[in-house]
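Note: hydrogens, waters and symmetry copies are ignored here, and every other heavy atom, side chains too, is used. Every chain is numbered from 1, with letters handed out A, B, ... down the list of sequences.
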Amino acid sequence: LRKNVEDFTGPRERSDLGFVTFDITADILNGKKCIFDWNVKQLFLYLSAEYSTKNNALNQVVLWDKIMLRGDNPRLFLKDMKSKYFFFDDGNGLKGNRNITLTLSWNVVPNAGILPLVTGSGHVSVPFPDTYETTKSY
Amino acid sequence: GAAAVGPAMLSLDFLDDVRRMNKRQVLNFGMIVSSALMIWKGLMVVTGSESPIVVVLSGSMEPAFHRGDLLFLTNRIEDPIRVGEIVVFRIEGREIPIVHRVLKIHEKQNGDIKFLTKGDNNAVDDRGLYKRGQHWLEKKDVVGRARGFVPYIGIVTILMNDYPKFKYAVLFLLGLFVLVHRE
C-alpha cells in the first residue's frame with residue numbers, strides 16, 4: 001500500500017483547510033485470499049487522515065471514498081487524486097502539523113451478516129507546511 | 001336416572017373444556033408476548049442501544065443497504081466513534097432515526113466528541129439535515145452503531161406502516177393463528 005502526497009494549507013474563515021493530492025496503489029485482500037468471497041457484496045473504501053491538534057486530541061477526516069462492487073478489480077492504481085471532501089480542521093491545527101497519518105480502510109458489506117471495518121496495512125505520514133498559501137490553483 | 005344426567009354432564013364437560021381452553025390460550029399468548037418483550041429488553045441491555053434492531057427506511061446508503069434491510073446495532077460507550085463507521089442517529093426533535101456513515105470526527109482529550117455524517121448515496125454531507133445552527137452530532141444523538149445486517153426482512157414493517165390495511169390484515173391473521181392453534 002503506497003500513498004504519495006503533495007500538500008499545502010490555505011486559510012478559510014477561521015479554520016485551516018488542507019489540500020492533499022495522493023496516489024494509491026493497493027491490493028485489497030482477505031489474508032491471502034481474494035476479498036470478494038461468496039458473502040461479500042461490496043467494499044466501502046475510504047482514505048482518512050488522522051492527526052492531533054491543540055484543540056482536539058484526535059481528529060479523523062475522510063478525504064476520499066469509493067464503493068467497490070463484487071466483480072470490480074480489487075487492485076487500485078490511482079494517481080494524482082484530489083480529496084473528495086474538504087479537509088477542514090476544527091481550528092488551526094493543520095499549519096505546521098508534521099504528523100498527519102493517511103490510512104486506507106474499508107467496510108466489508110456482506111450479503112448478510114457482520115459489517116467489519118478493516119484497516120489496510122501501510123500508512124503514510126504527511127507534514128503540512130508552516131505557512132499558508134494565499135493563492136493556488138486547485 | 002342415568003339417561004337424564006348423561007347429556008347434562010356432557011354439556012358441563014364441554015363448557016369446562018372451553019373455559020380451560022380459553023385460559024390456556026390466553027396464558028399462551030401472554031407467555032409469547034412476555035418472552036418477546038424479555039428478549040427485546042435483553043437485547044437492549046446487551047447491545048447498550050435503546051433500539052438494537054432497526055429497519056432501513058431510505059435509499060441514502062445504497063448500494064450497501066436498501067429500504068427494508070434490517071440492521072443490528074450496538075451502542076457500547078467503550079466503543080469510540082471513528083470515521084467509516086455506520087451510525088444510527090436521531091436529530092433533536094425528530095423521531096425518525098437516520099442511518100449514515102461517519103465522515104469526520106474531532107475528539108477532545110476528555111472524550112467529548114463531535115462528528116459529521118454522510119449517506120453513501122448522497123452527494124453532500126448531512127449538515128443540511130441537522131437542526132438549524134447545528135453543525136455536528138454528539139454521542140447523545142447516537143442510537144447505535146451498525147454491526148451486522150440482514151436484507152429484505154424489514155420490508156414487512158415498512159409495508160405495515162405505509163399500508164394500514166396490510167397492518168390490520170397481518171394483525172388479523174396473527175389473532176386467527178393464536179385462536180386456531182390449540183395445544
Tell me, side chain or backbone of [X] under 4.5 Å from chain A's heavy atoms, or both, or neither?
X: B/L70; value: neither
X: B/V102; value: backbone
X: B/P63; value: both

Checklist line | Minimum side-chain heavy-atom gap A/M68-A/L76 below 4.5 Å | finding: yes

Mind listing the donor-acceptor pairs under 3.5 Å that bridge chain B and chain A?
| unit_1 | atom_1 | unit_2 | atom_2 | d |
| --- | --- | --- | --- | --- |
| B/A64 | N | A/Q42 | OE1 | 3.1 |
| B/A64 | O | A/K41 | NZ | 2.6 |
| B/V83 | N | A/Q60 | OE1 | 2.9 |
| B/V83 | O | A/Y46 | OH | 3.3 |
| B/R101 | NH1 | A/N107 | OD1 | 2.9 |
| B/R101 | NH2 | A/N107 | OD1 | 3.4 |
| B/L103 | O | A/V62 | N | 2.9 |
| B/K104 | NZ | A/F88 | O | 2.8 |
| B/I105 | N | A/Q60 | O | 2.8 |
| B/I105 | O | A/Q60 | N | 2.9 |
| B/H106 | ND1 | A/N59 | OD1 | 2.5 |
| B/E107 | N | A/L58 | O | 2.7 |
| B/E107 | O | A/A57 | N | 2.9 |
| B/E107 | O | A/L58 | N | 2.9 |
| B/K108 | NZ | A/N55 | O | 3.0 |
| B/K108 | NZ | A/N56 | OD1 | 3.2 |
| B/K114 | NZ | A/D90 | OD1 | 3.1 |
| B/K114 | NZ | A/D90 | OD2 | 3.1 |
| B/K118 | NZ | A/Y85 | OH | 3.3 |
| B/R147 | O | A/L115 | N | 2.7 |
| B/F149 | N | A/G113 | O | 2.8 |
| B/F149 | O | A/G113 | N | 2.8 |

Is [Y] reachable from [X] through a run of I, L, V, M, F, W or Y residues, each pair having side-chain heavy atoms under 4.5 Å apart?
X: A/F44; Y: B/F149; answer: no
X: A/V61; Y: B/F115; answer: no
X: B/I105; Y: A/L102; answer: no

Notebook entry, point to check: What part of A/P116 is in contact with chain B, defined as an atom under 4.5 angstrom from a non-hydrogen atom: side chain, backbone, both or neither?
Noted result: neither

Margin query: Using heavy-atom distances under 4.5 Å, tell me whether A/L69 contacts chain B through its side chain, its backbone, both, or neither.
Written below: side chain

Check: Do the two ring centres, one from A/F128 and one from A/F87, sit under 6.0 Å apart?
Finding: yes

Notebook entry, point to check: Got a sec: does the CG of B/L171 have more than 12 other heavy atoms crowding it under 6.0 Å?
Noted result: yes

Notebook entry, point to check: Above 12 or not: heavy atoms from other molecules or residues under 6.0 Å from CZ of B/F166?
Noted result: yes

Note to self: Among A/I67, A/L58, A/V109, which residue has the highest count of heavy-atom pairs closer than 4.5 Å to chain B?
What the structure shows: A/L58

Note to self: So, taking the atom named CG in A/L47 and the one named CD1 in A/I24, what distance separates them when rounded to the nearest 0.5 Å?
What the structure shows: 5.0 Å

Item checked: Approximate separation, where rounding is to 0.5 Å, of B/I98 CD1 and B/L129 CG -> 5.0 Å

